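Shown next, in structure tokens, is the structure this report addresses.
Only heavy atoms go into these numbers, but all of them, side chains included; no hydrogens, no water, no symmetry mates. A note on names: the letters A, B, ... follow the listed sequences, proteins ahead of strands, and every chain is numbered from 1. Keep in mind it's a predicted model, so treat the numbers as computed, not measured.
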There are 2 protein chains.
Amino acid sequence: MATMHDVARLARVSVSTVSYVLTGARPISQATRDKVLAAMTELGYQPNAMARGLASRRSRIIGLLMPMDERGLGATETAFVTGAAAAASAAGYHLVLSPVCDLDDLRRLASQRMLDGAVLMEVQVEDARVTALQEAGVPLVLIGRTGDTTGLSYVDIDFDQTVREAVDHLVGLGHRRIVYVNHSAAAIATGYGPAVRTRDAFVTAMTGHGLEPVMIPAQDSAAGGRAALAAALTEAPDLSAVLVMNENAIFGILGELTNRGLVVPHDVSVVSMVTSPQVAELANPALTAMTSPGSALGRIAVEALLRQVEGAESADHQQLLPCALEVRGSTSPAAREAVVIGGDHIDQTGSGPPGM
Amino acid sequence: MATMHDVARLARVSVSTVSYVLTGARPISQATRDKVLAAMTELGYQPNAMARGLASRRSRIIGLLMPMDERGLGATETAFVTGAAAAASAAGYHLVLSPVCDLDDLRRLASQRMLDGAVLMEVQVEDARVTALQEAGVPLVLIGRTGDTTGLSYVDIDFDQTVREAVDHLVGLGHRRIVYVNHSAAAIATGYGPAVRTRDAFVTAMTGHGLEPVMIPAQDSAAGGRAALAAALTEAPDLSAVLVMNENAIFGILGELTNRGLVVPHDVSVVSMVTSPQVAELANPALTAMTSPGSALGRIAVEALLRQVEGAESADHQQLLPCALEVRGSTSPAAREAVVIGGDHIDQTGSGPPGM
DNA sequence: ACGGTTAGTCGAAACGCTTCGACAGCCGAG
DNA sequence: CTCGGCTGTCGAAGCGTTTCGACTAACCGT
């Protein structure tokens, strides 16, 4: 394995000159640069990452910390990762994904000066990783938000706007009775950001239309989805549309609809939030969904982090990106309107006054 | 940030002694060791990974190279990753996941001496990454197999046994007309290992039971699944069971069965191969599946790699693990038997003679 | 003609660790 | 006893970079 010394000797220059050619830290004449470059290719020289890291105190590695539960990574998270990796690679950094969940592991990784910076996925409202990394002095960008974001950089989905667009889409199709299926009650109680924010946004959006916001929590599983749909039909038997913020429950919901003889979208329209096209296409009919800006989130997070790492930016980077509405086969105009005119089989019991 | 010098000074020993305490490369008296350890905790000392790597020519990092397509990681791959990470962590190594797909990127990573070894996921029959890493002199363990495995270490699923068990399960339930839905024809043609191996195993298993092996390729998508099921019903209208080796097509298959009024498992039994419990539970009814030994695969691969890295093992490690049959709601005894006795609504046209 | 920049290069000192050779003391075998 | 071989410790030489200070030569405005 060739070293800088070998290159320098072959090019008949000093080692530091070779280094300057590589890093551009000082000007080098074109003639010298060419000689050095030629020597490098002749020797197949590759700088030693460890030596470089030791001398420069920068590893040129940024970590993408993603807790991996059994569920696996959805297409959304994957897009995020590839976006981040591309951005890092473009800037000459390596992006390593670390599945560390163990806090000690993380602390070790950080204090061994192995990471120039870190992007945190799946941030909780109270996230011990954040303080651990801050204490270790590792620059940080979050995907999602902690409760208190002062002094932190983050990129997150604009849940407000996303929910509003989804509701507008359904209302525009004539739906009035829309049920929101969220994550589990436990997740909401512990303050899981997306669950809480979308809940609030749903209430705002619905009341803005003069409609009652009916909301049902659901476990993150097919069974949870089935139970949630049953609960939804109990609470709002006249529902004509379901807005789902739970990628794991959605198939259960669809299955239960089918079981009950309800046809999507004829009887019930379904919109899935923060869903990837791939998952949306798995359903039959394919789901109308709010597609998350996965790869853009990843790219932006890494770019912000690198600015911070390279000292170019001291201010916090805080940014929200909306999801895009993609209409597929699971939504259609509300059959309800016609029914309201001609029929009476709508059970209005149990619904509060609209506009509350 | 404290260095070894600080620790040595505080403990009144030499730097090398501190190093020996840390690495155990030479014996150190208990008294000295205690002094050093005390100094370390007092200073909150953490070794600098870069310096250590430079001096020892070992990064204590192993890479898990996983191409990330848009589809994301299933629960199977995730289990694999966590298994591998746990094994690495237990051995004092860091496992970094690299989404690099670009060969130059990979070569750079390898020749910068940043990786002590690598585990390759999603190995193709002809995989350029293998030769690239071999040329860079990076120890290697594959998940899956290349066409020619001489001189290579790998861990893979025992497709033969897995298919045999699945077929036995169905045959044991009285099914005679079983269709195998594989990956796409293109994947098979390019020699994608799992597709080819399961195909061959299916033929063997079926003919061993005196049954005709009917096989249908499917694109890796819901639409592909629907098309495949349609094709299957054309080719074998009397089918009573479907064996699916395509996690992405399975929902399309189930959807198309429903569309055609066929009820699972009453009319058609479905077994999904190499599927995680999580995905199996998404379906309604939950899928009987051959569950892949994900985390064991990961652990074994890393352990084999580390033995190779640490020079303890020169011989290749080649090992196959079977998937476990988990019976859920998508399989039941063949209704066919009863029907054949009492009814006649089976369209027998187009089916070849059994046992060919 | 003169100090003051600037471009281009060099040598050497870090960076924080591992590891080798050396050596002192001590034990048991010959 | 004496020699070879352990045990425990030290000092110093790397590992392959970056980076700092210094130096030369050319170039600027005056």
Side-chain angles (χ1 to χ4, degrees), chain A residues 1-37 39-40 43-61 92 94 108 111-116 309-311, chain B residues 1-37 39-40 43-61 92 94 108 111-116 309-311:
Chain A
M1 194 110 307
T3 74
M4 268 182 73
H5 278 90
D6 303 328
V7 175
R9 196 175 324 121
L10 185 60
R12 312 194 151 281
V13 297
S14 76
V15 199
S16 48
T17 302
V18 177
S19 175
Y20 291 131
V21 168
L22 232 39
T23 64
R26 286 196 186 175
I28 293 290
S29 71
Q30 193 56 49
T32 311
R33 180 191 311 280
D34 290 346
K35 271 194 305 185
V36 171
L37 259 22
M40 282 184 183
L43 295 173
Y45 170 75
Q46 283 291 119
N48 178 308
M50 295 290 151
R52 185 197 280 253
L54 176 58
S56 65
R57 275 157 289 273
R58 309 279 258 23
S59 64
R60 308 205 129 249
I61 299 180
H94 289 294
R108 197 162 352 118
S111 49
Q112 289 188 152
R113 315 271 87 189
M114 178 136 258
L115 259 37
D116 284 353
V309 166
E310 303 192 330
Chain B
M1 194 107 309
T3 73
M4 266 181 77
H5 278 90
D6 302 328
V7 175
R9 197 176 322 121
L10 185 60
R12 313 194 150 283
V13 297
S14 75
V15 200
S16 47
T17 301
V18 178
S19 175
Y20 291 132
V21 168
L22 232 41
T23 63
R26 284 197 190 176
I28 294 289
S29 72
Q30 193 58 46
T32 313
R33 180 191 311 281
D34 290 345
K35 273 194 303 184
V36 171
L37 258 22
M40 281 184 184
L43 295 173
Y45 170 75
Q46 283 292 120
N48 179 308
M50 294 291 150
R52 185 196 278 255
L54 176 57
S56 65
R57 274 156 288 271
R58 310 278 265 9
S59 64
R60 308 207 126 247
I61 298 178
H94 289 294
R108 196 161 356 116
S111 49
Q112 287 187 154
R113 315 273 86 190
M114 179 136 259
L115 259 36
D116 284 353
V309 165
E310 302 191 332

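A 4.0 Å heavy-atom criterion places the boundary nucleotides of DNA chain D facing chain B at D/dG8 to D/dG16, written 5' to 3'.
The side chain to side chain donor-acceptor pair (under 3.5 Å) pairs that include a residue from residues 47-59 of chain A are A/Ser59-A/Asp116, where partners are two or more places apart or lie in different chains. Counting only residues at least two apart or on different chains, the side chain to side chain donor-acceptor pair (under 3.5 Å) pairs with a member in residues 24-33 of chain B are B/Ser29-B/Thr32, B/Gln30-B/Asp34.
B/Ser19 meets the side-chain hydrogen bond (donor to acceptor under 3.5 Å, both in side chains) test with no other residue; sequence neighbours excluded. Scored by the side-chain contact (heavy atoms from CB on, under 4.5 Å) test, A/Ser111 finds B/Gln46 as partners (sequence neighbours excluded). Legend: residues meeting salt bridge (charged side-chain N to carboxylate O under 4.0 Å, His left out) with A/Arg9, ordered by chain and number and at least two apart, are A/Asp6. Contacts of A/Arg12 classified as salt bridge (charged side-chain N to carboxylate O under 4.0 Å, His left out), with partners at least two apart in sequence or in another chain: none. Partners of A/Leu10 by side-chain contact (heavy atoms from CB on, under 4.5 Å), not counting sequence neighbours, listed by chain and number: A/Ala39, A/Glu42, A/Leu43. Partners of B/Arg108 by salt bridge (charged side-chain N to carboxylate O under 4.0 Å, His left out), not counting sequence neighbours, listed by chain and number: B/Asp105.
Atom CG in B/Leu54 sits about 11 Å away from atom P in C/dT18, given to the nearest Å. Counting to the nearest Å, the P atom of C/dG16 and the CZ atom of A/Arg52 are 18 Å from each other. Taking atom CE of residue B/Met4 and atom C1' of nucleotide C/dT18, one finds them 8 Å apart after rounding to whole Å.
Direction of the helix axis in the helix from C/dA1-D/dT30 to C/dG30-D/dC1 shifts by 30° between the two five-pair termini, rounded to 10°.
When the nearest nucleotides of DNA chain D are assigned to A/Val15 and B/Arg12 by heavy-atom distance, the more 5′-ward of the two goes with B/Arg12.
Shown for residues 18-31 of chain A: residues whose heavy atoms fall under 4.0 angstrom of DNA chain D, namely A/Ser19, A/Tyr20, A/Thr23, A/Arg26.
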Scan nucleotides 23-27 of chain C against the protein and return all N/O pairs shorter than 3.5 Å with their distances rounded to 0.1 Å.
none

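Side-chain nitrogen and oxygen atoms of A/Ser14 include at least one within less than 4.0 Å of the OP1 or OP2 phosphate oxygen of C/dC10.
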